[in-house]
Structure formats: structure tokens, C-alpha cells
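One structure is given below, encoded as C-alpha cells.
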Amino acid sequence: MTESPQPGDLSFSPERMREIGYSFVDAIVEQFEQVRDQPAVCRRSRAEMEALFREPVPETPRDVNDVLSRVVNDVFANSAPLDHPRFFAFVPSPHNFISVMAESLMAARNVFMGSWMVSPGPSTVELVTIDWLRDLCGLPETAGGLFVSGGSMANLCALATARKVKLDDDMTDAIAYGSVQAHSSLDRALRVLGFKEDQWKHVETDDHLRLDINALRTMIEADLNAGLKPFCIVASAGTTNTGAVDPLNEIADLCVELDLWMHVDGAYGAPAILTKEGKEALRGLDRADSLSMDPHKWLFQPYEMGCVLVRERSHLLDTFHVFKDYMQDVVGEEEEINFRDYGVQLTRNFKALKLWMSLQVFGLDAFREAVDHGIQLARFTQHYLESEAKRDRWEVVSQASLGIICFRYLPPGIEDEQAIDAFNLALIDAMYDSGYAMVSSTLIDDRPVLRFCAINPRTTEDDIRSTIEKFEEMAIDT
Ligand SMILES: Cc1ncc(COP(=O)(O)O)c(C=O)c1O
């Protein structure tokens with residue numbers, strides 16, 4: 001049956017919707033089913049993609065199955081699957097089926113999450129889910145937060161709140177500090193907020209690439225003596241580069257001593273708090289004035305889902321609440337939360353649903369195990385490189401930390417550091433070309449290294465072994 005949509009009303013009969021829906025579900029299930037057999041890498045030129053997609057906007061209807069197969073075969077086939085078990089690059093996003101279905105439900109109901117008046121049920125689910133994350137991170141009951149698009153937006157909201165609370169929005173001579181390993185979204189957030197480049201100072205790191213607390217103290221003291229106004233320290237709870245965790249308790253002590261705001265960027269690493277090992281690594285996280293954490297990274301949710309938590313919920317309100325006359329109908333009672341007052345967006349979708357549903361269906365323990373699996377896989381990688389693979393060929397450059405490990409290959413007979421750098425970059429290139437695994441590089445002490453972020457619960461030790469072996473074969477051919 002190929003009933004066309006009615007022009008102008010953009011709808012289908014229930015039977016046709018079911019038929020279409022089932023083929024969409026088939027496409028979704030096939031993606032989950034087949035991801036392991038797909039290339040982990042996607043390298044295409046702009047010209048190739050333009051040739052596939054550039055066309056005038058279609059004036060007349062096309063068959064939905066044709067459009068769907070084009071999406072599967074042309075659009076999605078030309079994107080890297082970030083949930084591939086051998087996608088080790090950047091921060092993978094190994095999402096889950098329940099959350100994908102929840103996203104469709106959310107879109108179907110199209111809840112407006114800006115005002116309690118139109119979404120009391122969904123708003124309460126959102127509040128409960130935020131409180132779950134708050135409690136898992138050990139923040140007090142006064143803390144509240146907001147689901148946002150991701151870590152960048154969470155960092156922006158947190159720093160806007162810090163600016164409001166500590167500076168009353170007067171940015172003159174104000175300085176924020178973070179380590180040289182802090183994420184680029186912080187640079188961007190501070191720039192967007194109107195801080196100049198020299199108002200965001202990068203502190204050196206110690207041997208484990210964690211913020212050096214003594215260097216920070218010296219820097220702050222010098223700035224105070226120069227009449228500047230330190231107001232915020234950003235601690236990383238899992239740097240993107242190496243998974244390093246800054247000394248959270250020492251930073252919290254310094255913030256208390258000097259009356260500074262402590263923001264913790266746990267966009268990637270904070271979910272490790274679910275596990276025994278992560279809890280230990282993240283001691284002091286609960287002392288944050290604000291915290292970013294991204295369910296779309298290590299809580300297995302599809303994009304876009306970040307979360308900003310603030311120790312005093314009212315500080316978010318002080319920062320973002322705006323009233324206009326046309327909103328008088330949607331003010332509501334005091335206990336009725338209007339999420340528009342807690343962040344930048346007025347119109348917002350129901351982000352919590354996917355996390356709430358997947359936690360309901362799988363249970364927190366499954367999430368705990370899934371996070372722990374990533375921590376253990378990085379450890380396994382280190383063990384394998386140091387003791388099982390061709391051990392004298394591999395150098396572990398940063399120890400396994402929160403699911404991340406960096407290492408490099410030492411080609412026999414090559415001593416020159418620049419030649420070793422070039423060799424490692426060539427290995428990554430060869431792996432790209434093979435499509436077998438997606439591995440990215442980063443710089444540690446200005447030297448390129450291979451970096452694994454192994455947070456996919458469907459990744460196995462065999463995936464790690466076979467990827468390293470593939471590198472070793474490529475090294476022989478290079
Ligand atoms: C530590 C850290 N902070 C912030 C971000 C930015 O998050 P998003 O890409 O979700 O905006 C990332 C992204 O990888 C990250 O690893």
C-alpha cells in the first residue's frame with residue numbers, strides 16, 4: 001500500500017503510521033544488530049557527500065520507504081557509529097535501545113518543558129531524575145539542576161551561575177582557573193560570557209596530568225597581590241585527554257579558604273561515581289558548587305543530554321530567571337518548577353525521559369556494571385600492553401584512568417623522537433584506512449600518542465586484543 005500523505009495536513013491513517021513505524025523500528029533494530037559488522041570509521045570527502053545529497057528541496061511527495069532506505073544507506077552509512085565496540089576515539093557514545101525508543105515517544109508527545117503549566121508530569125520526572133544524579137554525586141538536597149544539550153552547555157550555565165553569585169556579574173579583573181588539560185568548552189563558555197582570554201588562566205599539571213595545586217595557589221596569590229579578583233576554580237573530574245582527576249578535595253579546601261566558586265567538569269568522568277573504584281577516584285566531587293555531567297557520554301544515552309547541577313538550586317534561578325508580561329499565565333505556584341527559569345532555553349524538550357526509562361528498565365546496577373566494565377577494560381588494555389602484547393614495542397604514556405589510556409608504539413631501531421611521532425601518526429592513519437577500529441591521537445607533553453577511551457559496555461577484551469594486534473601487524477608493514 002503506497003498511500004501518499006495528504007498535502008497540507010501532514011498526516012497518515014493509523015494503519016499507514018503503523019506500517020511506516022514498523023519499518024523505522026526495523027531500521028533501528030538492524031542498526032543495533034549490525035553495528036559490530038560495520039566499519040568503525042567513516043572517512044568521506046565533502047565532494048563525495050555533496051554529490052550524494054545536493055538537490056533542490058523536493059516539491060512533491062516521495063515514497064517514505066525510498067526516503068528511509070536513503071537515510072540508512074546514504075546518510076547513516078556515511079557516519080561513524082559511535083557505539084561501535086571498536087570505536088575508541090574521542091568520547092564514544094554507546095547508547096541503548098530503550099533510550100532510543102524513549103526519544104521517539106518524547107517526540108511523539110512533543111512535550112513543552114519550559115513551563116510547569118503544560119508539563120506537570122514530565123517536569124516531575126525531570127526533577128526526580130535530576131535528584132537521582134544529585135544523590136549519586138553526593139550533593140545535598142539543596143542542590144538542583146537542569147538537563148541541557150551536553151557538557152558545553154552545562155559548563156556555560158555553571159560558569160554563568162558562578163559569575164552571578166561570586167561577582168554579581170561584574171567581570172572587571174575577575175579570574176577563573178583550570179588546568180592546561182581542562183576541556184575547550186570552558187574556554188568557549190568564558191568567552192561567550194564576556195571574559196577576556198587573560199581572565200581564564202591555565203594551571204600546570206603534575207606528573208599524572210592533574211592540576212598542580214601548589215602552582216594554582218601560587219598563581220592565585222600573585223593575582224590577589226596584583227589586585228585581581230579570583231572567583232572560580234574549574235576542576236576536571238576525568239580530563240578528556242587522559243581521564244585524569246584533579247585533586248578535588250584540595251581544590252575544594254582552597255575554594256573555601258579564599259571564597260571561590262568550585263566548578264567540577266565531570267561531563268565525561270562523573271558517572272564513574274557509580275562504581276567502587278570511581279567513587280574513590282572522585283573523592284571530593286560532592287564538594288562542588290556546580291557540576292557538569294553528561295548522560296550522553298558515560299550513562300549510555302543518545303545525544304543530546306548533559307546535566308548541570310548546582311549546590312544551591314536558587315542560584316540557578318537568580319542567574320536565569322526573567323519575567324515578561326506575556327508569561328503571567330505560566331508563573332504557577334512556588335513549588336511548581338518552570339525549567340525555563342533554570343537555564344538559557346525557553347522551549348525545551350523532555351530530555352529526562354530516556355534516562356528515566358532506561359534506569360527503570362535496566363536498573364541502576366546494570367549501569368554500575370556497564371561503567372565499571374569501561375574502567376576495567378582500560379586497565380586490561382594497560383595490562384595487555386605491558387605484559388602480553390609485544391611488550392618492548394609499547395609504552396604506556398598515561399596510566400588507565402576512568403576508562404582512558406594513552407600509549408605509543410616504539411618501532412625497533414628508531415630512536416629519534418620525531419620519527420617515533422610520525423610512526424605513531426602513520427599507525428593511526430593506517431587504522432583509519434582499514435576501518436577496523438576508530439582510534440584517535442592526542443598530545444601528551446607535545447608528543448602524539450594513541451588514545452583509547454573504552455567506555456562501551458559491548459566492547460570485549462578480544463576487541464582490545466585484536467585492535468592492538470592489528471596495530472602490530474600494521475607496524476610491520478609501515
Ligand atoms: C571533560 C569534558 N567537558 C566538556 C565536554 C563537552 O561536552 P559536549 O561535547 O557534550 O558539549 C567534553 C566532551 O567531550 C568533555 O570530555
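Just follow the structure's listing: the first ligand is 1, and inside any ligand the first atom is 1. The residues of the chain are indexed from 1 along the displayed sequence.
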Any protein N/O atoms within less than 3.5 Å of an N/O atom in ligand 1? List the atom names and distances, or say none.
| from | atom 1 | to | atom 2 | distance (Å) |
| --- | --- | --- | --- | --- |
| ligand 1 | 3 (N) | Asp265 | OD1 | 3.1 |
| ligand 1 | 3 (N) | Asp265 | OD2 | 2.7 |
| ligand 1 | 7 (O) | Gly151 | N | 3.3 |
| ligand 1 | 7 (O) | Lys297 | NZ | 3.0 |
| ligand 1 | 10 (O) | Gly151 | N | 2.9 |
| ligand 1 | 10 (O) | Asp294 | OD2 | 3.0 |
| ligand 1 | 10 (O) | His296 | NE2 | 2.9 |
| ligand 1 | 10 (O) | Lys297 | NZ | 3.0 |
| ligand 1 | 11 (O) | Gly151 | N | 3.4 |
| ligand 1 | 11 (O) | Ser152 | N | 2.8 |
| ligand 1 | 11 (O) | Ser152 | OG | 2.6 |
| ligand 1 | 16 (O) | Thr240 | OG1 | 2.9 |

**Message:** Strictly by ring pair (Phe, Tyr, Trp, His ring centres under 6.0 Å), give each pair with a member in residues 145-196 just once, sequence neighbours left out.
**Reply:** Phe195-Phe231
**Message:** Around atom CZ of Phe53, are there more than 12 heavy atoms from other residues, nucleotides or ligands closer than 6.0 Å?
**Reply:** yes
**Prompt:** Does atom CG of Asp446 have more than 12 heavy-atom neighbours, drawn from other residues, nucleotides or ligands, at distances under 6.0 Å?
**Reply:** no
**Prompt:** Does the side chain of Thr142 pick up a donor-acceptor pair with the side chain of Arg311 at under 3.5 Å?
**Reply:** no
**Asked** Less than 4.5 Å apart, any side-chain heavy atom of Met262 and any of Ile233?
**Response** no
**Prompt:** Of all heavy-atom pairs between Ser292 and His263, which one has the smallest distance, and what is that distance?
**Reply:** OG-CE1, 3.2 Å
